[in-house]
Every structure is written in C-alpha cells, then in structure tokens.
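Computed over heavy atoms, backbone and side chain alike; hydrogens, waters and symmetry mates excluded. Throughout, a chain's letter reflects where its sequence line sits, starting with A, and its residues are numbered from 1.
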Amino acid sequence: MAFFIHTIMKRTKIKELIATEPSGQEVTVKGWVRTFRNNSFIAINDGSTINNIQAVVNFENTDEATLKRITPGACLRVTGSLIASQGKGQKVEIAVKEMEIYGDAESDVTKPNVYPLQPKAHSLEFLREIAHLRFRTNTFGAVFRIRHNLAFAVHQFFHERGFVYMHTPIITASDAEGAGEMFRVTTLDINNPPKTETGEIDFKQDFFGKSTNLTVSGQLEGELAAMAFGDVYTFGPTFRAENSNTTRHLAEFWMIEPEMAFYDLNDNMDLAEELLQYVIKYALEHNREDIEFLSQRLFDEEKQKPQTERSEMTLLEKLQFCIDNKFERVTYTQAIDILRESNHNKKKKFQYLVNEWGTDLQSEHERYLVEKHFKKPVILTDYPKEIKSFYMRQNEDGKTVRAMDILFPGIGEIVGGSQREERLELLETRMKELHLPIEEMYWYLDTRRFGACPHAGFGLGFERLVLFVTGMTNIRDVIAFPRTPKSAEF
RNA sequence: UCCUUCUUAGCUCAGCUGGUUAGAGCACAUGACUGUUAAUCAUGGGGUCCCUGGUUCGAGCCCAGGAGAGGGAGCCA
C-alpha cells in the first residue's frame, strides 16, 4: 500500500520548513539525499531552496539494509518531528520516526549504473556531460532558480507597464531578417527531394508550399503588432545555425524583444536600462541565498588566480553596483575617439588597433570601454549604417543610424536595438541597396504605408542576462540543455 | 571556421631529461567510531595513460594523423 501512504502524506517544502519555529510538530519532507554522515544525519534537498534539511535517523533502531540504501541521489520521504538542532550549522532538523525510500541511487563505483554525483566539487565540464542530473547540484540549483525568477520578472515588468505579450511564429518563411544562418524546416525526403524542371528543389511540394526556417528573430512581426497595441514584447526561443563556438553563443536561445510605438532612441534606452535594473533587483530580492552562494563560489574560484586577474567586485557587489548606477551613454563616434586616444591603443596593446571611423568594434574594444574605461555598463549609439541592419532609422548626417547596443562587463553585447526607419522611401532605398526582396516583404512595408509612426525596440539575449546575474562564465551552463554546433544531447 | 591548450583510476589532479612494478586526494568495499556539517580513523580493491601509426634497446612523456573537450577570435543576443 505504498502508493496510499504516498498520497496521504502531504509534504512541506524545505524552504518553508527551515523558516518554521520548531515545536516538535510532525512534518513530512520528500526529496533527494545529498550526503549521509555518521550513519545518522541525512542532508535532504528538494529544490525549493539551496539549503538542505537535516534528517536524523536513529541507526540503532533502523535495520542496516535500509541504512545502506541512504546514498547520495536516492529519493526518499521522511516523517518525524521538527525540533531545534543540537548541532551547529542549522537551526532546525527532523527527528525521523518513519522513512520511505522511493528510489535508490547506486553508490558503489564498481557496479554499473552508478550515480555519478559525489559529495565533492565536480568540474563544470563534467557536469555538462551529465546535464540531466546537474540540476541536483548546488550550483545548477541556484542557476535555474535564478533563471526562473528572471523570466518571471521580465513578464511582470512588461505587464505592469501595459505591454501585450505576443507569441510570434517559430516557423517562418521570411529569410530577410538578416540575423544569420537559419535552420531549415521541411517535410521533404532529404534523400530524394522533388525537383523542378530546372533541377532545383521544388518547395511548392513542401509542407507549407514554400521554403521555411526556424525564426532568428520575432522583431519584424513584433513591429506589426506594435502598430496596433502600441507596446508589445515577445519572449521565446530563437534559432541561429551559425557555427559559433564560444562561451556566449547558443544555436537555440531565448530572446526578449519589446517593440514600442511612439518611442525614439532615448525612450528605447531608458526602457532597456529600466528593464535590466528591474530584473536584476528582482533576482537580488528573491534569490538572495542563491546569488550569495554563487558569489562565494566565484570568489573561491578566483583565489586560484593571480591578483591581477581577479574581479574587483564580488558578484553581489557587481549586481548591486549595476542597479545603483546609470549606464554610460556614448555614441559610436565618441567611443572611437576614446579608444583611439587610449594608452592601450597608443601602446599597441590591442590586437586590432583603432584607427579609422566606420569599422566595427572588436570584442577587445568593447571590453576595454566597459571594463577599463567606464567600469560600468555602457550604451553605444549611432553606429555607421554600413555595419547595422537595414531597418534602423537613418540620422540626418547620412552616415549613422539610430542604433544602440548595451555592453555588459564579462558578457559584451547583452542588448541590441534601434529606433526603426518608419519613412517608406528611405526604408525601400536601403533595402534596394542591400538587395533585399522588397516584394516578399510587402507585409512589413505595409506598416510604413498605413499609419506609420516613429517606433523603436530591442532584443535582449535571455541567457546572457542569466550569465550576468549568476556570474557563470559559459552560456552552456545557464540553459538546461544547450544546443551548440555538434551537440544536441538530451 | 581560424588560433591555442588539454585528454592519466568513478571524480579532481600529479607524474622530473624517454628508463624497473604509473601516484595522491575524494569516491567505493571491509572494519572501528557515533551529534555529524563534503564526518573521522584503519585496511583494501580499482588503470585500453583518448585512438591509430611511427621513432627508439625502451614511450604516459618525442613525431604524424584522427577524435573529443576547454579557452580565445570571427558572427551575434
């Protein structure tokens, strides 16, 4: 009748229990064993908090076979009285009266199917290979609780301001978004695709009757909705088939893309800055212990490094600094001047020296501006039009566009956005220059034909935000099951 | 895709100038102990030194090719 016991025993989450005054009341906890010390003390975690609860079994009254089954990773229920702990390190503990093991976890390394997590530090690389189990570690528990609260805070931020959450399509026939290589979506037989008379693949016979891909951005669709609701945002998966092998890129990632009618570039920057500070503050308030843990973890890790390579601030200080200070706003042209005049450039310490106006900034330049020169988040605006997308609003100088990138320390570009070009003629001219299919994009251009208005928007890479808030350094460690070139396990 | 570093026990790592039987900590097994905090103590088992080929009397170490991983760059969020 194990299932019967299971259903009537209502559990209390550990987060709630450790905040409860102990008075010997009977409680039930269900969770996974982290360690079992001294044949008596079980550290149980149920994911509700980074903290474990200590359950104390009387080994003299418990049969040895049962004790043997209390191993790291095993899932169990304990029922007993909540009492003040005699030991140091925790306020309350459970004096176990009854215990039920739901699932064993083999701990003998000589046997097959051994549970790979041990009560010790594992490398992030190793944990990445067992991504299906890494949630059960302190680090990944903290990361994914923070990720959840950041996502929730994003929705709350926009909801409080009257934005409409749009679900833009994941499958798209548009290939003109200009945001990189796309993943093809097809039901055609790849070994024997139907051909046209001229020998090309006949997509008329494909599922949608045309060539389709996974979306690389919801922006264009977002703009359409903004022309009715005023303020909208998307928050969904995005796919890029770039062969990028870095700590900042994923083939499948989540992006937040607000789009606002009647916003100019300044309004756009204000909103982006406000959003970032809002969600960071939310995480600091709701994930305090998780962030403290990660902050300490990072601090300990950096002790191994030489003094010069260590961070000036702890993670906690860095996040606090970020919400207490305005971001620095400079134009591309000003940034080029700063870089050109920097000692770093004069001493030729950049791999790519900064000379002429018009070239794109390299990672090392962005890092210099953020980490050395301003020492705070930086918003760069008004880039040369040649290095930015077709839809960005052209400035009166004929050379630059109303673009903005927000650069964060350690991350680089976390936000990319712009005021959009709402003037039909200028937009069409730019699209012709770039050989974009104007006819196919009639639906996008219709917003400029019918009731066009100044508007703006940006894209925020969600995983890059999670990277920053958790202090993790590899983007593959802030998404549950990362998709990168040559890797789609789990 | 380019550059670069790495791959040794289940995990984290050491391994000298190429030289006998490849080591440590943790984990595991057995025993002891029993208010521990990644418990402690004792004993023990555990290796395709990533793979293939080569140089050499002799290769974990040198050379070539391959595979996988990390970091950096490019592209970008």
Seminar exercise, completed: Per the under-4.0 Å heavy-atom filter, residues of residues 16-26 of chain A near RNA chain B come out as none
Exercise. Between R476(A) and G70(B), is there a side-chain N or O to OP1/OP2 distance below 4.0 Å?
Worked result: yes
Exercise. Out of A39(B), G71(B), C76(B), which has the shortest distance to the side chain of N474(A)?
Worked result: G71(B)
Seminar exercise, completed: Picking from A77(B), U1(B), A39(B), the nucleotide nearest the side-chain atoms of F253(A) would be A77(B)
Exercise. R37(A) side chain N/O closer than 4.0 Å to the phosphate oxygens (OP1, OP2) of U36(B)?
Worked result: no
Problem set entry | Nearest listed nucleotide, side chain of Y352(A), among A73(B), C11(B), A77(B) | A73(B)
Exercise. Is NZ or CZ of R161(A) both nearer than 6.0 Å to the six-membered ring centre of F157(A) and within 45° of the ring axis?
Worked result: yes
For this session: Go along nucleotides 22-28 of chain B 5' to 3' and tag each nucleotide: B for a protein heavy atom under 4.0 Å from its base, S when only backbone or sugar atoms are that close, - otherwise.
Result: ---BBSS
Exercise. Do we count F41(A) as stacking onto A39(B) if the rule is ring centres under 5.5 Å and planes under 30°?
Worked result: no
For this session: Not counting sequence neighbours, list each pair that qualifies as a ring pair (Phe, Tyr, Trp, His ring centres under 6.0 Å) and has a residue in residues 468-490 of chain A.
Result: H132(A)-F490(A), F135(A)-F481(A), F408(A)-F468(A), F481(A)-F490(A)
Problem set entry | Phosphate contact (C76(B) OP1 or OP2) by R464(A) side-chain N/O below 4.0 Å | no
For this session: Tell me the stems RNA chain B sits in, counting at least three consecutive Watson-Crick or G-U wobble pairs, each under 3.5 Å on both distances.
Result: B:1-7 with B:67-73, B:10-13 with B:23-26, B:28-32 with B:40-44, B:50-54 with B:62-66
For this session: Taking side chain to side chain contact (heavy atoms under 4.5 Å, CB included) as the test, write out the residues that go with L67(A), two or more places apart.
Result: F36(A), N39(A), V57(A), F59(A), T62(A), I70(A)
Problem set entry | Rounded distance in Å between the C1' positions of C50(B) and U7(B) | 6 Å
Exercise. In whole Å, what separates the P atom of U17(B) from that of C28(B)?
Worked result: 37 Å
Exercise. When you compare C62(B) with G18(B), how far apart are their P atoms, in angstrom units rounded to a whole number?
Worked result: 8 Å
For this session: Would you mind telling me which of A73(B), U34(B), C76(B) lies closest to the side-chain atoms of N245(A)?
Result: A73(B)
For this session: Name all residues meeting the side chain to side chain contact (heavy atoms under 4.5 Å, CB included) criterion together with S107(A); count only those two or more places apart in sequence or in a different chain, and write none if there are none.
Result: T71(A)
Exercise. Can you check whether S40(A) has a side-chain N or O nearer than 4.0 Å to OP1 or OP2 of G35(B)?
Worked result: no
